[in-house]
Amino acid sequence: MMKKPEWLEKEQLYKILFESDTPRGRAFDIVLMVVISLSILVSFIETIPSLAHTFRLLLEISEYLFTFFFTLEYIARVYCSPRPRDYVLSFFGVIDLLATLPPYLSYFLPNARYMILFRTFRFIRIFRIFKLFSLINEGYILMNSLRKSINKISVYFLFVLILVTCLGTLMYMVESGHPDTKFTDLATSVYWAIVTMTTVGYGDITPVTPIGRLLSAFIMLLGYTIIAVPTGIVTANIIDETKEKPKDGRCPRCGDEVRDNDRYCSHCGEKL
């Protein structure tokens, strides 16, 4: 009976796919970055009619090859992962899946193929390849801070939603009686309130009455003060995150087990 190649063993395959501190793992990650770059380049070329027509056959073959590569890679990651469910539900696992599904979804939803650009998120792995662990650690701090802030931000968002609805309604009451008004309905008025309060200011809808302009100026100034609130919420949680103490034997960021002589977590890159 033919012996299975060493690199197909689960442990060896795990080192190649998940650990970039080995020669094979580093080489695979570099190849992966190149393939991702090429697949994104092909996606851009496909949207340029002249190039898409000229290289149609080459582009189709390339897309089939990329789809096969990413599908095989995802299956291999699930296969060799010690905790497949944890990998599938992790940030990288979800991104890997989103990078694989679009070509299959395009058979049912043609425009879904452009979800291939989710593959750009996979460039985050470049931090592991070039040992930029301190930078990826900052990313995990930011993600955890956003997760802890979600409840407060949700309440804040609901408050803002109620506020723009009320202000849009008030502007409709002020402006709707004028013959040259662009505030023709409540939905348009609320849209204007959102654009104005967020300080975007497209200028496609403007008040024409003195009271409407006065109210508009008030909403603009109010927008500056309101925008600062979520920033303060997230900043406070970032400060709390940086003060957290690491747990013995486990990474303080992802909770994965670490060895005594490790300076960085091999899973998420956290400095230990």
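Taking 4.5 Å as the limit, every side-chain heavy atom of Asp29 sits out of range of all side-chain heavy atoms of Met33. Side chains of Ile205 and Tyr191 form a contact here, defined as non-hydrogen atoms less than 4.5 Å apart. At a threshold of 4.5 Å between non-hydrogen side-chain atoms, the residues Cys80 and Leu17 count as touching. In this structure the side chain of Ile194 reaches within 4.5 angstrom of the side chain of Val190, judged on heavy atoms.
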Original post:
After noting the C-alpha distance and the side-chain angles of Thr67 and Tyr104, does the key distance pass the side-chain hydrogen bond (donor to acceptor under 3.5 Å, both in side chains) rule?
Top reply: CA-CA 9 Å; Thr67 300; Tyr104 300 106; over 6 Å; no
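One finds the CG atom of Asp185 at 10.5 Å from the OG atom of Ser176 (value rounded to the nearest 0.5 Å). The distance from atom CD1 of Ile162 to atom CG of Leu167, rounded to the nearest 0.5 Å, is 12.0 Å. Rounding to the nearest 0.5 angstrom, the gap separating the CZ atom in Arg83 from the OG atom in Ser90 is 10.5 Å. The structure places CG of Leu105 at 10.5 Å from OG1 of Thr100, a figure rounded to the nearest 0.5 Å. Residue Leu59 holds its CG atom at 9.5 Å from OG of Ser43, rounded to the nearest 0.5 Å. Note that CD1 of Ile226 and OG1 of Thr199 are 11.5 Å apart. Values are rounded to the nearest 0.5 Å.
In the hydrophobic clustering (ILVMFWY side chains linked at under 4.5 Å, chained through shared members), Val174 is joined by Ile211.
Between the side chain of Glu175 and the main chain of Thr209, a donor-acceptor pair closer than 3.5 Å is present. Looking at Thr188, its side chain never comes within 3.5 Å of a backbone N or O of Thr184 through a donor-acceptor pair. In this structure, the side chain of Arg24 does not engage the main chain of Lys15 through any donor-acceptor pair within 3.5 Å. Between the side chain of Thr198 and the backbone N or O of Val195 there is at least one donor-acceptor pair closer than 3.5 Å. Side-chain N or O atoms of Thr206 include none that pairs as donor or acceptor with a backbone N or O of Gly203 at under 3.5 Å.
Judged as a ring-ring contact (aromatic ring centres under 6.0 Å, His included), not a single pair has a partner in residues 28-73 (not counting sequence neighbours). Applying the salt bridge (charged side-chain N to carboxylate O under 4.0 Å, His left out) rule to pairs touching residues 210-220 yields nothing, sequence neighbours excluded.
Connection of Val200 to Leu222 is established within a shared hydrophobic cluster, with ILVMFWY side chains joined at heavy-atom distances below 4.5 Å, either directly or through further cluster members. Hydrophobic cluster membership differs between Ile95 and Leu89, with clusters built from Ile, Leu, Val, Met, Phe, Trp and Tyr side chains linked at under 4.5 angstrom. Ile153 is connected to Leu163 through a chain of hydrophobic side-chain contacts under 4.5 Å among Ile, Leu, Val, Met, Phe, Trp and Tyr, so both are in one cluster. Taken together through direct or relayed side-chain contacts under 4.5 Å among Ile, Leu, Val, Met, Phe, Trp and Tyr, Phe218 and Met171 form part of one hydrophobic cluster. Under a hydrophobic-cluster definition in which Ile, Leu, Val, Met, Phe, Trp and Tyr are linked whenever side-chain heavy atoms come within less than 4.5 Å, directly or via other members, Leu65 and Leu72 are assigned to different clusters.
Neither side chain, Asn151 nor Tyr156, offers a donor N or O lying under 3.5 Å from an acceptor on the other.
Aromatic ring pairs are classed by plane angle as parallel below 30°, tilted from 30° to 60° and perpendicular above 60°; the pair Tyr87 and Tyr74 is tilted.
For the residue pair Asp180 and Val208, the shortest heavy atom distance occurs at O-CG1, 4.3 Å. Across all non-hydrogen atoms, the minimal contact from Thr169 to Thr165 is OG1-O, 2.7 Å.
Annotation: salt bridge (Lys or Arg N to Asp or Glu O under 4.0 Å) contacts of Arg56 (sequence neighbours excluded): Glu60. Listed by chain and residue number, Trp192 satisfy the ring pair (Phe, Tyr, Trp, His ring centres under 6.0 Å) test with Phe183 (two or more places apart in sequence, or in another chain). Annotation: side chain to side chain contact (heavy atoms under 4.5 Å, CB included) contacts of Met220 (sequence neighbours excluded): Thr196, Ser216.
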